[in-house]
Amino acid sequence: MADSSMGTEAAEPKREEPYLYRGRTRCSPEEEARLERQHFWKIINAFKYYRTHVEESLKRCERQYLSLPRRHQQLLSGFLDKLAEIRRCMECNHQVLQAIVRNCTHMFENMEYDEDDNVRRAGPSSTFDMDKLKSTIKQFVRDWSEAGKTERDSCYMPIVEEIQKQFPPEKCDISEVKVLVPGAGLGRLAWEIACLGYSCQGNEWSFFMLFSSNFILNRCEKENAMTLYPWVHQFSNNKMSGDQTRGVTFPDVNPQSLPPDSDFSMTAGDFLEVYTDPDTWDCVATCFFIDTAHNVLEYIETIWNILKPGGVWINLGPLLYHFENMANELSIELSYEEIKDVMLKCGFQLEVERESVLTTYTENERSMLKYLYDCVFFVARKPAPLLSNSQNCKDNELKNSKSATTTT
Ligand SMILES: C[S@@+](CC[C@H](N)C(=O)[O-])C[C@H]1O[C@@H](n2cnc3c(N)ncnc32)[C@H](O)[C@@H]1O
């Protein structure tokens, strides 16, 4: 998967490792399909391996407890009961994870993943994939539980309110307004936008997220009928033992309760590869997304290209660059100041900018350790060209009257 055009200068005394661009390397279509299938089964394997992985960590806890002097064990008389409760929670998580990956081979319209016995047996998964799986479990709280409401209000509401401001239902046919949400996670933001009547598509790249959003959106109808134990892997920073083993029910709403004429869809694949048609979207809404780029300039260019003239990019999030310090991965870490400069050079007009929106991300509200993100929120317009037609002039007048930047 190496991009051999980089880092190969003969004059250099020491050849650098070539940068890798996951999922973006050109190889034969057959090889690409083979790698894709391999990756698909690797992630299914991670879902299947969860039980073995957590069982190993529990066994370690048990061994360590039993290695204590007897008087210490006696002082901690409830310890083994606590581990039994943790094991019960993990087993419940395992059951939900198995339900998520059941029948996944048929979930994509244009791709079948044949069952292959060689790769189907659950072998050990990497710590990296196990961490991703545990983060995916926490993402259920953020997107589809009552417990995640405060977090959604701080992250999604500014975006939703801005869409309503830009495309007010009383002034346009909002079913014709096309909104794209790249990096849609478990799909709640895109779903909320579609619920209001806009035509909305979420795009996601990770199979962890895609399997899980498919499960939520297509197979969970009954409100709060499912339970996950998202904090059960957190052994530190618990005030009460019960905080670790508390369950979170989902979904807080029936995901299939969208209005009958709504237009909501999810696509799978790399945002940069899926979205190449120019002048297509009225709005691109990114939430905690732009820092997932290897090269954020490519995201800015793509968003510029796919927005219709006059369309808006609404963004909220931090700049926690996902590929920073990752071996063999290209990662260009820009400050917000630099990003803004590039956006303006591309031609975007910054209409709204708030530089300090405080949010959390999959927060455990009872934990003794919490992270606070000091996010930027902005609305940037791809200006419409000035046209002679009088209606377009009126449209432009309207847009220009809104184009003064508001900074809070
Ligand atoms: C930090 S999460 C944010 C998810 C969601 N927007 C939210 O606010 O909860 C970033 C998401 O972007 C996805 N992602 C990263 N790179 C992507 C790409 N090139 N194309 C599509 N999705 C991508 C990741 O898989 C992940 O689900």
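As a basis for the values below, the full set of heavy atoms in this structure was taken, side chains included, without hydrogen atoms, waters or symmetry mates. Here, residue 1 is the first one in the sequence, and each next residue gets the next number. Quick caveat, the model's predicted, so the values are computed rather than measured. Ligands are counted one by one from 1 in listed order, and the atoms in each one are counted from 1 as well.
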Numbering the atoms of ligand 1 from 1, which are under 4.0 Å from a heavy atom of [X]?
{"X": "Asp270", "answer": "18 (C), 19 (N), 20 (N)"}
{"X": "Ser206", "answer": "25 (O)"}
{"X": "Asn203", "answer": "20 (N), 21 (C)"}
{"X": "Gly269", "answer": "20 (N), 21 (C)"}

What do you reckon, does [X] have a nitrogen or oxygen under 3.5 Å from a nitrogen or oxygen of ligand 1?
{"X": "Arg142", "value": "yes"}
{"X": "Phe271", "value": "yes"}
{"X": "Phe288", "value": "no"}

**Report entry** Plane angle bin for Phe323 and His294 - parallel if under 30°, tilted between 30 and 60°, otherwise perpendicular
**Finding:**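 Correct class here is parallel.
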Could you tell me whether [X] and [Y] have a side-chain N and a carboxylate O separated by less than 4.0 Å?
{"X": "Arg142", "Y": "Glu363", "answer": "no"}
{"X": "Glu161", "Y": "Lys165", "answer": "no"}
{"X": "Arg152", "Y": "Glu192", "answer": "no"}

Query raised in the report: Will you find, in the side chains of Gln98 and Arg51, an N or O donor that is under 3.5 Å from an N or O acceptor?
Result: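 Short answer, no.
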Query raised in the report: Between the side chains of Glu365 and Ser367, does any donor sit under 3.5 Å from an acceptor?
Result: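 Not at all, the side chains of Glu365 and Ser367 share no donor-acceptor pair under 3.5 Å.
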Report task. Could you find the nearest protein heavy atom to atom 12 (O) of ligand 1 and give me its residue, atom name and distance? Result ->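 Here the closest protein heavy atom is Gly183 CA, 3.3 Å.
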Query raised in the report: Looking only at non-hydrogen atoms, which of Phe289, Trp205, Tyr361, Tyr156 approaches atom 3 (C) of ligand 1 most closely?
Result: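 Minimum heavy-atom distance to atom 3 (C) of ligand 1 goes to Tyr361.
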**Report entry** Heavy-atom nearest option to atom 26 (C) of ligand 1, drawn from Glu204, Lys132, Arg188
**Finding:**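 Answer by nearest heavy atom: Glu204.
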Report task. Report the part of Tyr299 in contact with ligand 1, treating N, CA, C, O as backbone and CB onward as side chain, heavy atoms under 4.0 Å; options are side chain, backbone, both, neither. Result ->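 Under 4.0 Å from ligand 1, Tyr299 contributes side-chain atoms alone.
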Report task. Apply ring pair (Phe, Tyr, Trp, His ring centres under 6.0 Å) to Phe40 and Phe211, showing your working. Result -> CA-CA 10 Å; Phe40 176 94; Phe211 296 155; 5.4 Å; yes
Report task. With side-chain hydrogen bond (donor to acceptor under 3.5 Å, both in side chains) as the test, would you mind laying out the steps for Tyr299 and Thr292 before giving the verdict? Result -> CA-CA 10 Å; Tyr299 277 12; Thr292 65; 2.9 Å; yes
